[in-house]
Amino acid sequence: MLIKLGIIVSVIVLGGMIFSTEITSLFPNTSALLADSLKDDITSLNAKVTDSTENRLDSSIDKTIQSVSDSVYEGITDTGDKLVENVNEKISEGITDTGDKLVENVNLESSTGVLVNEVSGFDPFSFIKNLFQIN
């Protein structure tokens, strides 16, 4: 029994000697007053864990904010591009329709009559207003 106890104690002492640097880094304030030193060591570990967690949370939040910002920017850009494309298409259609009507009327009436009747009747403000009305 005494031999077994000696082997166990020697293994513990040898393990303490091998891992003394790790033990010292985890519990640097270990001293004769065990309760106070453990309290200081736990406070130190708590501060390290808290700092590490805060840093990781900050970087995670920054990445999330950047991702959301990029998505919103892409959405706004896509919406703006579609809006410009639709407005250009409507303006092109309006100009084409007006040009077609002018060509038809030029063939049927004299050119002065077309200019007086069609061009003076064209209201660009109502045309643009109609573009932005929701159907």
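Since the structure is predicted, the reported quantities are computational estimates derived from the model, not experimental observations. The first residue in the sequence is number 1, and the count goes up from there.
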For the atom pair CG (D97) and NZ (K90), what is the distance rounded to the nearest 0.5 Å? 10.5 Å
Taking S52 as the fixed residue, which of E54, K48, R56 is the one that meets the side chain to side chain contact (heavy atoms under 4.5 Å, CB included) rule? R56
Shortest non-hydrogen contact between T50 and N46, atoms and distance: OG1-O, 2.7 Å
Out of curiosity, L2 CG to I7 CD1, how far, rounded to the nearest 0.5 Å? 10.5 Å
Would you mind reporting whether T53 and V49 have side-chain heavy atoms less than 4.5 Å apart? yes
Hey, could you give me the CG/OG distance between L5 and S10, rounded to the nearest 0.5 Å? 9.5 Å
Looking just at side-chain N and O atoms, do D70 and Q66 make a donor-acceptor pair shorter than 3.5 Å? yes
At what distance, to the nearest 0.5 angstrom, does OG1 of T64 lie from CG of L57? 10.0 Å
Would you check if the side chain of S92 reaches a backbone N or O of N88 as a donor-acceptor pair within less than 3.5 Å? no
CD1/I65 to OG/S60 distance, rounded to the nearest 0.5 angstrom? 9.5 Å
Can you tell me how far the CG atom of L83 sits from the OG1 atom of T79, to the nearest 0.5 Å? 8.5 Å
